[in-house]
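A short worksheet on the structure shown next.
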Amino acid sequence: MNILVYINTSNALAKSALEVVTYASKIGGNITVVATGAADDATLAKLGEYGAQKVLVDRSASAEDAQQITRLIAKAADTTGAELIIFSHDLVAKAVAPRLSVRLKAGLISGAVDVPNTANGFVVKVNVFSGKAYGQVAVTSAKKIISLLPNSFQPAATGAACGVEAFDGAVGAAAIKVVETKKPEGAIPLPEAELVVSAGRGMKGPENWGMVEDLASALGAATACSRPVADIGWRPHHEHVGQTGVAIRPNLYIAAGISGAIQHLAGVNGSKVIVVINTDPEAPFFKAADYGVVGDAFDVLPKFTEAVKKFRASQH
Amino acid sequence: MKILVCISKSPDTTSKIAFTDGNKQFDENGVQYIVNPYDEWYALVRGLELKETLGGTLTIVTVGNAADEAIIRKALAIGADDAVRIDMEPKDAFNVAMQIAEYAKSNAFDLILTGKETINYNGSQVAGMIAEALDLPLVSLATKLDVNGSTATMEREIVGGVQVVEANLPLVVSCAKGMAEQRIPNMRGIMAARTKPLTVVAPAAIDELTSYVEYGLPAAKSAVKMIDPNNMDELVALLHNEAKVI
Ligand SMILES: Cc1cc2nc3c(=O)[nH]c(=O)nc-3n(C[C@H](O)[C@H](O)[C@H](O)COP(=O)(O)OP(=O)(O)OC[C@H]3O[C@@H](n4cnc5c(N)ncnc54)[C@H](O)[C@@H]3O)c2cc1C
Ligand SMILES: Nc1ncnc2c1ncn2[C@@H]1O[C@H](COP(=O)(O)O)[C@@H](O)[C@H]1O
């Protein structure tokens with residue numbers, strides 16, 4: 001099978017880029033990567049270690065414009081005879097993959113968590129009902145598109161570097177003009193974070209978030225919050241996780257002073273390990289937790305931070 | 001300005017998720033359907049605010065069967081002018097989007113708004129598919145939307161930040177949190193909704209590209225391990241040695 005994997009890069013390769021190439025190599029076939037963004041040839045060549053046979057790069061296309069990227073990938077799919085196109089289910093894919101699905105009349109599977117089962121057709125497991133269930137989706141079209149949920153596959157380097165070729169994607173004019181980009185310096189973007197410390201209304205007020213941030217910085221974690229906390233303006237909106245906020249699946253999710261409402265769980269139940277800190281032993285969150293601490297966050301968080309610092313120091 | 005807002009139904013966010021018919025069907029027993037929160041809170045309300053300041057009309061469209069008229073009336077009660085129901089059980093996102101695109105082709109909308117995603121299938125597919133079918137630009141997951149003449153200005157999420165972008169109308173926008181505040185319909189709205197026009201149109205002949213063949217529930221979590229609040233060293237040790245996450 002000819003497989004085309006799309007990635008967008010900044011200077012370095014994101015973990016999600018390595019995940020999708022690893023995923024493609026698990027499916028097996030001729031794997032070509034089509035890349036946009038700033039990463040140089042030497043960086044892109046490393047994708048060979050994860051299973052890519054070749055990288056095509058067009059640095060003129062901007063990931064901001066879904067129409068440009070759609071034209072680029074459609075052309076690359078045509079050139080390589082791709083039957084399967086793979087994305088990481090990120091913000092770019094959410095705009096581009098559906099467009100490509102219509103353009104190529106290729107069935108789209110969003111939020112895949114496993115490799116396709118081809119024993120009887122082409123069936124892929126996805127998360128549905130905001131992570132409260134899974135579904136098996138069959139694709140009936142000849143061409144197919146999969147958008148892989150981040151953090152579903154660990155990147156695995158097995159091979160050697162591959163060739164990188166400039167590719168003219170004939171992307172045309174951009175219809176979307178970028179006026180301004182605001183990225184907080186240094187902060188770990190929530191959807192990519194492997195460790196997350198989150199807090200809710202139990203923290204009583206924004207002035208108490210210092211202890212949440214202290215634990216996050218001791219761990220090297222991102223911070224998140226429940227919806228009411230963002231709604232009342234204690235924390236910025238982009239930290240709101242849950243059904244109506246960001247859905248995340250970090251390796252570790254620590255929740256302090258969050259009750260564990262079903263709508264909150266919907267955004268975090270894909271986390272590998274959940275730690276809950278709550279004064280109320282009956283808080284529903286404990287049912288979804290791996291480790292629980294019944295206690296006052298104001299007392300537990302600083303102790304937790306101290307223990308993490310001690311552990312980190314002992315590791316050196 | 002002519003605005004089209006795509007409305008879908010979703011199970012109430014507290015619904016128990018279960019399956020019947022050998023795990024092939026979602027179990028609707030006791031499930032209350034609501035307007036998908038992203039469609040109602042953000043797309044519809046921001047559309048209404050734009051209509052109120054700039055003038056024009058706001059139409060809602062739903063691909064659904066007669067039972068879905070309850071959610072259509074709710075959207076009309078919140079303030080939409082009229083509604084269109086494309087009469088079929090919604091199939092995959094491709095089919096739904098092509099049905100909406102077929103309808104939109106003959107109606108010259110300036111702005112087509114959708115929610116960020118449906119909270120049952122979480123696909124985030126329909127908006128992009130409509131945009132491609134109509135050859136229009138798409139701004140996905142916008143958290144702010146303003147229109148000035150023929151130009152729309154939006155703020156949207158990007159990985160690790162936000163971005164301000166501009167595009168010309170006509171345009172498709174999928175709407176995420178931040179765009180507007182939820183509106184509760186008042187008595188006058190509810191009364192008015194009863195007599196607002198609701199047109200039922202026959203679906204076009206369009207294929208599906210995907211279908212759900214089975215569902216399941218995630219494996220149950222093993223029991224939570226409780227840690228003494230005065231022994232955080234133990235918690236850290238467990239996270240390192242047992243869970244292997246730090
Ligand atoms: C349609 C819909 C969508 C929604 N979407 C989301 C969503 O995306 N994300 C989301 O988070 N919510 C969402 N909600 C809201 C959700 O239902 C809950 O109301 C919300 O998650 C509660 O936030 P909380 O846990 O911070 O606050 P509370 O429910 O007030 O819980 C506070 C918790 O802190 C504990 N506590 C108090 N003091 C302390 C202390 N000193 N130390 C430790 N613990 C303490 C309490 O025991 C309690 O469990 C949604 C609701 C609806 C209807
Ligand atoms: N059956 C439907 N009828 C009308 N609009 C829909 C329908 N299904 C989805 N949509 C719209 O498309 C958006 C994204 O849906 P999805 O691609 O399924 O996540 C929703 O928020 C709605 O605005």
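We name chains A, B, ... by the order of the sequence lines, and we start the count at 1 in each one. Not measured: the values here are computed from a predicted model.
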Do other residues, nucleotides or ligands put more than 12 heavy atoms under 6.0 Å from the CD atom of B/Gln32?
no
Under 4.5 Å heavy-atom distance to chain A, tell me which part of B/Leu141 shows up: side chain, backbone, both or neither.
side chain
Is chain B contacted by the side chain of A/Val275, its backbone, both, or neither, given a heavy-atom distance below 4.5 Å?
side chain
Side-chain touch A/Gln263/B/Thr14, heavy atoms, less than 4.5 angstrom
yes
If we define contacts as heavy-atom pairs under 4.5 Å, which of A/Pro250, A/Ala288, A/Gly295 has the most with chain B?
A/Ala288
Structural part of A/Glu192 lying under 4.5 Å from a heavy atom of chain B
side chain
Do B/Glu157 and A/Lys94 sit within salt-bridge range, that is, some charged N less than 4.0 Å from a carboxylate O?
no
So, B/Lys116 side chain and A/Gly245 main chain: donor-acceptor pair closer than 3.5 Å or not?
yes
Let's test your reading of the structure: which of B/Phe19, B/Phe26, B/Tyr42 forms the most heavy-atom pairs below 4.5 Å with chain A?
B/Phe26
Side chain, backbone, both or neither: which part of B/Glu155 has a non-hydrogen atom closer than 4.5 Å to chain A?
side chain
Based on non-hydrogen pairs under 4.5 Å, which of A/Gly131, A/Ala138, A/Ala133 is most in contact with chain B?
A/Ala138
Measuring heavy-atom distances to chain A, does B/Tyr212 have an atom under 4.5 Å in its side chain, in its backbone, in both, or in neither?
both
With a sphere of 6.0 Å drawn around CG of B/Asp21, does it hold more than 12 non-hydrogen atoms of other residues, nucleotides or ligands?
yes
Check each atom of B/Ser124 against the heavy atoms of chain A and say whether the ones under 4.5 Å are side chain, backbone, both or neither.
both
Select, from A/His238, A/Lys144, A/Gln243, the one with the greatest count of heavy-atom pairs under 4.5 Å involving chain B.
A/Gln243
Of the backbone (N, CA, C, O) and the side chain (C-beta and beyond), which part of A/Leu219 lies under 4.5 Å from a heavy atom of chain B, both, or neither?
side chain
Ranking A/Ala95, A/Ala266, A/Ala222 by heavy-atom pairs under 4.5 Å to chain B gives rank one to A/Ala95
Should B/Ile119 and A/Phe129 count as side-chain neighbours, where that means a heavy-atom distance under 4.5 Å?
no
Report which part of A/Leu108 has an atom under 4.5 Å of a heavy atom belonging to chain B: side chain, backbone, both, or neither.
both
In Å and rounded to the nearest 0.5 Å, what is the CZ to CD distance from A/Arg99 to B/Glu132?
4.5 Å
I want to check something: taking the side chain as every heavy atom from C-beta on, are A/Tyr291 and B/Met226 in contact at a cut-off of under 4.5 Å?
no
Got a salt bridge between A/Lys105 and B/Asp207, using NZ or NE/NH1/NH2 to carboxylate O under 4.0 Å?
yes
Does any backbone or side-chain atom of B/Ile130 lie under 4.5 Å from a heavy atom of chain A? Answer side chain, backbone, both or neither.
neither
Does the pair B/Asp135/A/Arg103 count as a salt bridge with the N-to-O cut at 4.0 Å?
no
Given that the side chain runs from C-beta out, which part of B/Met98 has a heavy atom under 4.5 Å from chain A: side chain, backbone, both or neither?
side chain
More than 12 heavy atoms of other residues, nucleotides or ligands under 6.0 Å from CD of A/Gln315: is that the case?
yes
Taking every heavy-atom pair that is under 4.5 Å apart, which of B/Asn230, B/Asn231, B/Leu136, B/Thr143 has the most such pairs with chain A?
B/Leu136
Would you say that more than 12 heavy atoms from the other residues, nucleotides or ligands in this model lie under 6.0 Å from the CD of B/Glu234, or not?
yes
B/Val245 and A/Glu194, any side-chain heavy atoms less than 4.5 Å apart:
no
For chain A, which candidate among B/Ser10, B/Gly216, B/Ala237 shows the most heavy-atom pairs at distances under 4.5 Å?
B/Gly216
Considering non-hydrogen atoms only, spot the tightest contact between A/Ile262 and B/Ser15 and give its length.
CD1-O, 4.4 Å
Okay, A/Val276 and chain B: the region with an atom under 4.5 Å from a heavy atom over there is neither
Non-hydrogen side-chain atoms of B/Tyr121 and A/Val126 separated by less than 4.5 Å:
no
State, with a plain yes or no, whether a side-chain heavy atom of A/Ser101 is found less than 4.5 Å away from one of B/Met129.
yes
Let me know if A/Val139 has heavy atoms under 4.5 Å from chain B in its side chain, its backbone, both or neither.
both
I'd like to verify something: which residue of B/Val139, B/Leu171, B/Ile246 has the highest number of heavy-atom pairs under 4.5 Å with chain A?
B/Ile246
Below 4.5 Å from any heavy atom of chain A, which atoms of B/Leu217 appear? Answer side chain, backbone, both or neither.
both
Quick one about B/Gln163 and A/Glu180 (side-chain donor to acceptor, distance below 3.5 Å, no hydrogens or angles considered), yes or no?
no
Heavy atoms only, distances under 4.5 angstrom: which of A/Ala289, A/Gly292, A/Ala307 has the most pairs with chain B? Name it, please.
A/Gly292
Tell me if the NZ atom of A/Lys303 is crowded by more than 12 foreign heavy atoms within 6.0 Å.
yes
Going by side chain to side chain contact (heavy atoms under 4.5 Å, CB included), A/Thr181 matches just one of B/Val165, B/Val162, B/Ile158, B/Val164. Which one?
B/Ile158
Under 4.5 Å from any heavy atom of chain B, what part of A/Ser147 do you find: side chain, backbone, both or neither?
neither
Does A/Val128 offer a backbone N or O that forms a donor-acceptor pair with the side chain of B/Asn122 under 3.5 Å?
no
Between A/Ala14 and chain B, which part of the residue has a heavy atom less than 4.5 Å away: side chain, backbone, both or neither?
neither
Does this structure show an ion pair linking A/Asp290 with B/Lys225, if we count only N-O contacts that are shorter than 4.0 Å?
no
Once rounded to the nearest 0.5 Å, what's the spacing between atom CG of B/Leu235 and atom CZ of A/Phe311?
11.5 Å
Gap separating the OH atom of B/Tyr38 from the OG1 atom of A/Thr244, nearest 0.5 angstrom:
5.5 Å
Flag side-chain contact, heavy atom, 4.5 Å: B/Lys177 against A/His240:
yes
Residue pair B/Lys24 / A/Gln136, side-chain heavy-atom distance below 4.5 Å:
no
Could you have a look at A/Lys310, A/Arg312, A/Lys125, A/Lys272 and say which one has the most heavy-atom pairs with chain B under 4.5 angstrom?
A/Lys310
Pair count under 4.5 Å, heavy atoms only, with chain A: among B/Gly178, B/Ala131, B/Ala223, B/Ala220, highest is B/Ala131
Are the side chain of B/Thr210 and the backbone N or O of A/Gly107 linked by a donor-acceptor pair below 3.5 Å?
no
